[in-house]
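Nothing fancy with the numbering, it's 1 onward along the sequence. These numbers come from the heavy atoms of this one structure, side chains and all, not from hydrogens, waters or symmetry mates. Counting starts at 1 for both ligands and their atoms, following the listed order.
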Amino acid sequence: MLKVLIPKEMGAETRVAGSPDTVRALAKRQLLCVVEKGAGTASGFSDEQYSAAGAELAFPQDSAVWAEANLLLTVGPLQMEQPKLSAGALVVGQLAPHGNENLLQLLQGQKLSAISLELLPRISRAQSMDVLSSQANIAGYKAVLLAAAALDRYMPMLMTAAGTVQPAKVLVIGAGVAGLQAIATARRLGAVVKVSDVRPAAREQVESLGARFIEPPVQGVPGEQGGYAKEATAAFLEAQRQGLAEQLTDIDMVICTAQVPGRPAPLLLTKEITELLRPGAVVVDLAVAQGGNCELSQVGENINHKGVLVIGADRLPATVPHHASSLYARNVAALLEVVISKTGELNLDPEDPLLDPCLVSLAGALRRTDLVPNWKQEEGVKP
Ligand code: NAD
């Protein structure tokens with residue numbers, strides 16, 4: 001019987017990669033889940049609930065338990081200081097593989113197989129496994145709530161005996177999963193919303209949510225690949241910045257979500273452009289860990305720049321741990337249905353179009369060495 005280890009995540013991570021529900025489902029596939037004590041506490045899952053679902057409990061970071069595990073389900077990337085897994089074990093998680101040489105060395109050194117969930121293809125077969133969507137949805141929702149809580153005014157239009165209050169004006173940059181949820185949340189709170197994206201397909205989705213689409217510059221639109229925007233040229237971004245600058249004077253809140261997979265996020269709000277916002281306005285930059293859409297944002301920091309609050313929000317899904325973990329765990333369990341047979345055997349077929357892009361290592365043989373170059377060092381990217 002294959003052993004599936006669900007560890008207590010490292011550092012400040014509040015989420016967990018398995019829930020009592022998914023432990024129960026995996027047991028039906030002949031898998032034995034071992035859950036580290038306290039792994040689900042921050043997500044509202046007690047050790048007793050895991051036991052009742054059929055899991056064995058273990059003390060965190062027990063080398064013997066890690067050495068016996070056939071599968072490790074994780075939220076965050078593998079860390080050097082974690083106990084060693086045995087050769088041939090499979091790691092499934094958000095492994096942050098881009099430019100992560102340590103990870104690739106670790107997988108190679110311990111002869112591990114690994115599925116990096118960020119690299120799942122956006123095909124219909126993989127929809128139920130799409131952790132980027134389940135977590136980005138939460139980030140988009142929470143970004144608007146954070147900004148609304150920090151804003152110096154109401155979000156909805158209100159007619160009161162003391163006079164009429166105008167609705168807040170929100171700019172959402174990037175209309176992917178996080179951006180669309182940010183639009184929907186801001187609209188539900190009563191705000192007027194404008195949206196910038198470079199994919200033509202985004203227009204209809206934005207308009208169906210009752211927001212206004214800002215036309216991208218005409219020349220050099222980056223195009224898309226696999227549903228994602230391609231990286232824009234410097235000239236296109238400069239023209240886009242000019243266009244956005246014209247929109248900013250009456251904006252109360254900017255939610256930044258624009259990203260290009262594996263590349264630095266497009267820099268759209270330079271310091272000078274951000275200074276066009278009125279004092280009291282709030283910027284939430286969800287792309288901050290990829291360099292940020294706003295020049296002033298810093299990972300995990302709230303920065304007050306001339307009265308404009310810039311929130312560098314890279315960990316918002318972890319602030320809604322119960323639902324973030326429940327959905328993440330279901331995504332992972334759906335993936336395991338592909339790689340574990342009904343009789344409980346591990347079957348990693350690198351030719352399967354679902355696995356090919358995300359199977360970064362097969363028993364230590366690295367399959368995605370293209371991920372190693374460290375783009376963070378490239379010129380023109382915010383330090
Ligand atoms: P993402 O996080 O990579 O990027 C967020 C958004 O930023 C995208 O809409 C992108 O077009 C936009 N962007 C990039 N450069 C920009 C710029 N210079 N200015 C403004 N916006 C810019 O994307 P995502 O949220 O993961 O989603 C990308 C697409 O994939 C969406 O259309 C989404 O609906 C689609 N999707 C498909 C599936 C599926 O088919 N299974 C699942 C999830 C998402």
Requested in this report: Specify the protein heavy atom at minimum distance from atom 29 (C) of ligand 1: its residue, its atom name, and the distance to 0.1 Å.
Outcome: Gly227 O, 3.0 Å

Query raised in the report: To the nearest 0.1 Å, how far is atom 25 (O) of ligand 1 from its closest protein heavy atom, and which atom is that?
Result: Val177 N, 2.7 Å

Mind checking whether [X] has a heavy atom under 4.0 Å from ligand 1?
| X | value |
| --- | --- |
| Thr257 | yes |
| Ser196 | yes |
| Ala202 | no |
| Leu180 | no |
| Leu268 | yes |
| Ser133 | yes |

For ligand 1, which atoms, with element, lie under 4.0 Å from some heavy atom of [X]?
| X | answer |
| --- | --- |
| Ala258 | 7 (O), 13 (N), 16 (C), 20 (C), 21 (N), 22 (C) |
| Asp130 | 42 (C), 43 (C) |
| Gln127 | 39 (C), 40 (O), 41 (N) |
| Ala229 | 10 (C), 11 (O), 14 (C) |
| Gln240 | 17 (C), 18 (N), 19 (N), 20 (C) |
| Leu237 | 18 (N) |
| Pro266 | 15 (N), 16 (C), 17 (C), 18 (N) |

Cluster overlap [X] with [Y], hydrophobic side-chain contacts below 4.5 Å:
| X | Y | value |
| --- | --- | --- |
| Leu78 | Leu348 | no |
| Val338 | Val131 | yes |
| Ile138 | Leu132 | no |

Output yes when the distance from some N or O of ligand 1 to some N or O of [X] is under 3.5 Å, and no in every other case.
| X | value |
| --- | --- |
| Asp197 | yes |
| Gly176 | yes |
| Ala178 | no |
| Ser124 | no |

Query raised in the report: Looking only at non-hydrogen atoms, which of Arg199, Gln259, Arg122, Arg241 approaches atom 36 (N) of ligand 1 most closely?
Result: Arg122

Query raised in the report: When you measure from atom 34 (O) of ligand 1 to each heavy atom in Glu118, Gln205, Gln181, which option holds the nearest one?
Result: Gln205

Requested in this report: State, yes or no, whether a side-chain contact exists between Trp66 and Gln82 at a heavy-atom distance under 4.5 Å.
Outcome: yes

Query raised in the report: Mind checking who shares a hydrophobic cluster with Leu209, ILVMFWY linked at side-chain heavy-atom distances under 4.5 Å?
Result: Tyr141, Val144, Leu145, Leu146, Leu151, Met155, Val170, Val172, Leu180, Ile183, Leu189, Val193, Val195, Val206, Phe213, Met253, Ile255, Val282, Val284, Leu286, Leu309, Ile311, Leu316

Report summary line: The answer for which part of Glu224 has a heavy atom under 4.0 Å from ligand 1 is neither

Query raised in the report: If you measure from each non-hydrogen atom of Ala175 to ligand 1, which part falls under 4.0 Å: side chain, backbone, both or neither?
Result: backbone

Closer than 4.0 angstrom, basic N to acidic O: yes or no for [X] and [Y]?
| X | Y | answer |
| --- | --- | --- |
| Glu13 | Arg315 | yes |
| Glu224 | Lys230 | no |
| Lys37 | Asp62 | no |

Report summary line: For Asn331, the side chain to side chain donor-acceptor pair (under 3.5 Å) test, sequence neighbours excluded, returns Ser134

Query raised in the report: Given Leu2, which of Leu90, Leu71, Leu336, Leu32 fulfils the side-chain contact (heavy atoms from CB on, under 4.5 Å) condition?
Result: Leu71

Report task. Please lay out, stage by stage, how Ile115 and Leu355 fare under the test side chain to side chain contact (heavy atoms under 4.5 Å, CB included). Result -> CA-CA 8 Å; Ile115 294 176; Leu355 289 182; 3.9 Å; yes

